[in-house]
Novice: 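Here it is: the structure, laid out below.
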Amino acid sequence: CDWSSDVCSSDLGGTPALDLLSEAFYMAFYATQWLAALALADRTRHRPLAMAAVLMAVAGGAVLHATALLWPVTYASGVPSSLVYLAFDATAAWAWWRVGRGRSPRLASATLMLALATLAFFVTDGLAMASLTGWHRFIPGHATDIIWTVPPLLYALAVRLGRAPATAT
């Protein structure tokens, strides 16, 4: 790959079938977040949350698959996927923030950390979008790669906060 050029052939992904399989795995990741948030949600207070999750999943899947089938060159650019994932990140962060409001301090802190982790994914997905559109080029193997470790670390911290024993007061 020649990093002085605007486009690297490895940025264009593999075959369309493999790319769509990869998209399916990413969508499954977001689906597990929404399902976990919905499991914690009060069904009457969080009905908009449930509707947003369903609409995002259906719309996101439709956009990605339609783009891949109708405009393969546009799909290969990675921009449609990035836009969908930015929307998914925003929806998931909103879901975690919303579910944690008014809960016990331990659960509220865990869901707030999940919201922050998802916002960190929003930032990294935004940076990936910036790289795809040529606004800024991230070169693999440089110090900027550390940015992509922040969201998983925040998710691990959120899990730890959710399992921490309650302190006696």
Side-chain angles (χ1 to χ4, degrees), residues 11 13 18-65 77-133 135-167:
D11 288 346
L18 287 177
D19 289 344
L20 286 175
L21 180 63
S22 172
E23 303 285 5
F25 283 119
Y26 281 118
M27 292 178 83
F29 167 74
Y30 286 103
T32 58
Q33 285 195 55
W34 290 327
L35 290 173
L38 288 172
L40 293 173
D42 176 6
R43 297 291 184 240
T44 57
R45 287 181 41 214
H46 298 106
R47 189 158 309 273
L49 179 68
M51 292 306 295
V54 170
L55 289 175
M56 287 301 294
V58 171
V63 165
L64 288 178
H65 288 87
S77 72
V79 173
S81 298
S82 292
L83 290 173
V84 168
Y85 295 133
L86 286 169
F88 283 2
D89 292 335
T91 304
W94 173 71
W96 286 122
W97 172 76
R98 183 85 189 238
V99 165
R101 288 177 32 199
R103 298 296 183 114
S104 69
R106 184 179 76 178
L107 187 58
S109 63
T111 56
L112 177 62
M113 189 58 64
L114 287 167
L116 290 174
T118 308
L119 285 176
F121 266 124
F122 182 85
V123 169
T124 57
D125 287 343
L127 292 172
M129 175 85 162
S131 185
L132 288 170
T133 58
W135 179 73
H136 182 73
R137 189 86 174 137
F138 289 95
I139 301 172
H142 285 239
T144 55
D145 284 348
I146 197 75
I147 294 169
W148 275 263
T149 64
V150 172
L153 291 174
L154 291 175
Y155 275 113
L157 185 58
V159 169
R160 180 65 185 125
L161 285 172
R163 292 185 180 191
T167 57

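Note that this is a predicted model, so its numbers are computed, not measured. Residues take their numbers from the sequence shown, with the count starting at 1. Scope of the values below: all heavy atoms of this structure, side chains included, with no hydrogens, waters or symmetry mates.
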Novice: Considering residues at least two apart in sequence or located in another chain, which fulfil the side chain to side chain donor-acceptor pair (under 3.5 Å) criterion with Thr118?
Specialist: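 By the side chain to side chain donor-acceptor pair (under 3.5 Å) rule, Thr118 matches Gln33, Tyr155.
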Novice: Would Phe122 and Leu86 count as a side-chain contact (heavy atoms from CB on, under 4.5 Å) here? Give the steps.
Specialist: CA-CA 6 Å; Phe122 182 85; Leu86 286 169; 3.7 Å; yes
Novice: Rounded to the nearest 0.5 Å, what separates atom CE in Met113 from atom OG1 in Thr111?
Specialist: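 Between atom CE of Met113 and atom OG1 of Thr111 there are 10.0 Å.
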Novice: Which of these passes side chain to side chain contact (heavy atoms under 4.5 Å, CB included) with Pro151: Asp125, Thr124, Val123, Asp89?
Specialist: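 Exactly one option meets the side chain to side chain contact (heavy atoms under 4.5 Å, CB included) with Pro151, and it is Thr124.
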Novice: Scan Trp96, Trp148, Phe29 and name whichever one has a ring pair (Phe, Tyr, Trp, His ring centres under 6.0 Å) with Phe121.
Specialist: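 The option that passes is Phe29.
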Novice: Between Thr149 and Ile146, which heavy-atom pair has the shortest distance, and what is it?
Specialist: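 Looking at all heavy atoms of both residues, the shortest contact is OG1-O, 2.6 Å.
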